[in-house]
There are 2 protein chains.
Amino acid sequence: MTDQRRSGCPINLTLEVVGDKWSLLVIRDMMFGNRRHFRELLTKSEEGISSNILADRLKTLREQGIISWADDPSHKQKGIYSLTAQGIELLPVLAQMSGWGFKYLPVSEELGIRAKLLSEGGPKMWAEFMDELREIHLGVKRRKKAGPSVGERLQAAYERVMARKKG
Amino acid sequence: MTDQRRSGCPINLTLEVVGDKWSLLVIRDMMFGNRRHFRELLTKSEEGISSNILADRLKTLREQGIISWADDPSHKQKGIYSLTAQGIELLPVLAQMSGWGFKYLPVSEELGIRAKLLSEGGPKMWAEFMDELREIHLGVKRRKKAGPSVGERLQAAYERVMARKKG
DNA sequence: CAAACTGATTGCATTTAGCAACTGGTTGTA
DNA sequence: TACAACCAGTTGCTAAATGCAATCAGTTTG
């Protein structure tokens, strides 16, 4: 990962940071699956990332200021990865990619339901979800809204589809 | 490019199609720079793509239904690449990436001005620009709006910055 | 007719991705 | 206190993608 940039174009620079097949999936799992430890990210992802790639991406994402790392006081070996403010603001990028994929690619039903809700919810829902992420990852307190959070609603919808498919 | 998918997640599927360092740059140049021929894409890009990579990406993007190809009647060897409806709808993805890059990465002034305007314009401006792209690439007629188009405004802003920088 | 231009392709070296096994340490349980 | 399971990675190796420079055959321009 040398520092030479191909151009000063914002799209190019963004691609140089997260334009590979894994970085955004790691961020997705931290955002939507609340995976915060190395092992969680390694074993609970749909796609099966290998440990050296995961270690490399976590390192790079830290260097880029997209995630941060802290000791887990409950376990001497565990660390907790968190999204930074900058990382949280990748949500609209993921939401748009998710919406496009849902519309044009062979998305599975259980994994598509979140995309559908997020796409229908639009920028207003994204802003609310980013607020929730700031609370979870940065400890920023926010006024509790009535009813379930966006994160909870997405998770509940996923589980509803899974339950119906199994039963 | 084998067809095996890592998962049915919409974000993952989108990444498998355009999640590399070049595909989205080719689409960017077609959208914002109106590059339609192989040579234009090859020589007029900021980043300097090599010809074998460009040929491979154009092939893949055609196979994925993101761009299409047609003979150029003015020249027996020339072909014209166009964005499909599906390709045009990648604009919001590019716009979000562009906005994020503009906010957090060392974007050059002349290449950042489009990102700034597009970000400020929001979904409404993106919809208008997609309408313009549908006219240019798909031949879909639309009612002419008053004043310069989004594409023209972006280009004019870019040229204004360049003129000022040169003196 | 020659030079420049067209959309690529080929060969080769470098870089990145990916798999499987392994390391050194910690924690929970019997 | 022995021991399995768990923790965050690292190492060695192979496969695939990337990138550069040269080349190609047909087309258009002067």
Side-chain angles (χ1 to χ4, degrees), chain A residues 1-7 12 15-27 29-30 34-64 67-82, chain B residues 1-7 12 15-26 29-30 33-64 67-82:
Chain A
M1 188 73 63
T2 50
D3 239 32
Q4 50 197 8
R5 297 185 185 101
R6 298 182 299 185
S7 84
N12 174 59
L15 285 170
E16 299 209 17
V17 176
V18 295
D20 67 276
K21 293 255 190 293
W22 289 110
S23 295
L24 287 176
L25 295 183
V26 170
I27 295 165
D29 285 347
M30 291 182 72
N34 200 35
R35 310 280 149 71
R36 307 293 292 277
H37 304 291
F38 190 94
R39 281 290 142 173
E40 283 181 321
L41 288 162
L42 184 67
T43 59
K44 292 182 186 172
S45 93
E46 288 285 329
E47 293 84 12
I49 192 170
S50 53
S51 59
N52 54 345
I53 305 284
L54 176 59
D56 179 78
R57 290 306 178 282
L58 289 170
K59 182 166 167 279
T60 305
L61 290 171
R62 279 179 69 183
E63 287 167 358
Q64 296 290 341
I67 63 175
S68 65
W69 184 91
D71 264 332
D72 184 336
S74 77
H75 190 302
K76 279 187 186 168
Q77 270 184 319
K78 272 189 182 172
I80 302 179
Y81 289 98
S82 298
Chain B
M1 188 75 60
T2 51
D3 238 33
Q4 51 196 7
R5 295 183 187 101
R6 297 183 299 184
S7 84
N12 174 58
L15 285 170
E16 300 209 15
V17 176
V18 294
D20 69 278
K21 293 253 189 292
W22 289 110
S23 296
L24 287 176
L25 294 183
V26 170
D29 285 347
M30 293 182 72
N34 202 34
R35 310 280 148 71
R36 308 292 293 276
H37 304 291
F38 189 94
R39 282 287 146 172
E40 283 181 320
L41 289 163
L42 185 65
T43 59
K44 293 182 187 172
S45 93
E46 288 285 330
E47 293 83 11
I49 192 169
S50 53
S51 60
N52 54 346
I53 304 283
L54 177 58
D56 178 78
R57 290 306 178 282
L58 288 171
K59 182 166 169 278
T60 305
L61 290 171
R62 278 179 70 182
E63 287 167 0
Q64 296 289 341
I67 63 175
S68 65
W69 184 91
D71 265 332
D72 183 337
S74 77
H75 189 301
K76 279 186 183 167
Q77 269 184 317
K78 271 189 183 173
I80 302 180
Y81 290 97
S82 299

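Quick caveat, the model's predicted, so the values are computed rather than measured. The sequence lines fix the lettering, A, B, ..., with proteins before strands; numbering per chain opens at 1.
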[X] [atom1] - [N] [atom2] separation (whole Å):
X       : N      : atom1 : atom2 : result
A/Leu42 : D/dT10 : CG    : P     : 13 Å
A/Leu58 : D/dA8  : CG    : P     : 10 Å
A/Lys78 : D/dC6  : NZ    : P     : 11 Å
A/Ile53 : C/dT16 : CD1   : P     : 12 Å
B/Arg6  : D/dA16 : CZ    : P     : 15 Å
B/Arg36 : C/dT6  : CZ    : P     : 16 Å
A/Phe38 : C/dG25 : CZ    : P     : 18 Å
B/Ile67 : C/dG7  : CD1   : C1'   : 13 Å

Between C/dT9, C/dT26, C/dA17, which one does the side chain of A/Lys76 approach most closely?
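In terms of side-chain proximity for A/Lys76, the closest of C/dT9, C/dT26, C/dA17 is C/dT26.
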Please report the closest heavy-atom contact between [X] and [Y], naming both atoms and the distance.
X       : Y       : answer
A/Leu15 : B/Lys21 : O-NZ, 3.5 Å
A/Glu40 : A/Asn34 : OE1-O, 4.2 Å
A/Ser23 : A/Val17 : OG-O, 4.2 Å
A/Leu58 : A/Val26 : CD2-CG1, 4.1 Å

Pi-cation contact, B/Trp69 with B/Arg36 (under 6.0 Å, within 45°)
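Geometry flag: not set, cation outside 6.0 Å or 45°.
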Just to confirm, is there a sub-4.0 Å distance from OP1 or OP2 of C/dA8 to any side-chain nitrogen or oxygen of B/Arg39?
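Result: no.
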Return no unless some side-chain N or O of A/Trp22 is found under 4.0 Å from OP1 or OP2 of C/dT16.
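Answer no for this pair, as no side-chain N or O of A/Trp22 is under 4.0 Å from OP1 or OP2.
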Degree of bending, the helix from C/dC1-D/dG30 to C/dA30-D/dT1 (end axes from five pairs; round to 10°)
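Rounded value for the end-axis angle: 20°.
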Would the base of D/dT18 count as contacting B/Ser50 through its side chain, where contact means a donor and an acceptor less than 3.5 Å apart?
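By the distance-only test, no, there is no pair.
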Has the side chain of B/Gln77 got a donor or acceptor atom sitting under 3.5 Å from an opposite partner on the base of D/dT27?
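Side chain to base: no pair present.
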Flag, side chain of A/His75 to backbone of A/Gln77, donor-acceptor distance under 3.5 Å
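Yes, A/His75 side chain to A/Gln77 backbone: donor-acceptor pair under 3.5 Å.
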Whether the side chain of A/Asp20 engages the backbone of A/Trp22 through a donor-acceptor N/O pair (distance < 3.5 Å, no angle test) should be reported.
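Such a contact is found between A/Asp20 side chain and A/Trp22 backbone.
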With DNA chain D as reference, determine whether B/His75 or B/Lys21 sits nearer its 5' end, using the nearest nucleotide of each.
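Going by which nucleotide is closer to the 5' end, it is B/Lys21.
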Hey, which sits more toward the 5' end of DNA chain C by its nearest nucleotide, A/Asn52 or B/His37?
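Mapping each residue to its closest nucleotide by heavy atoms, the 5'-most match is B/His37.
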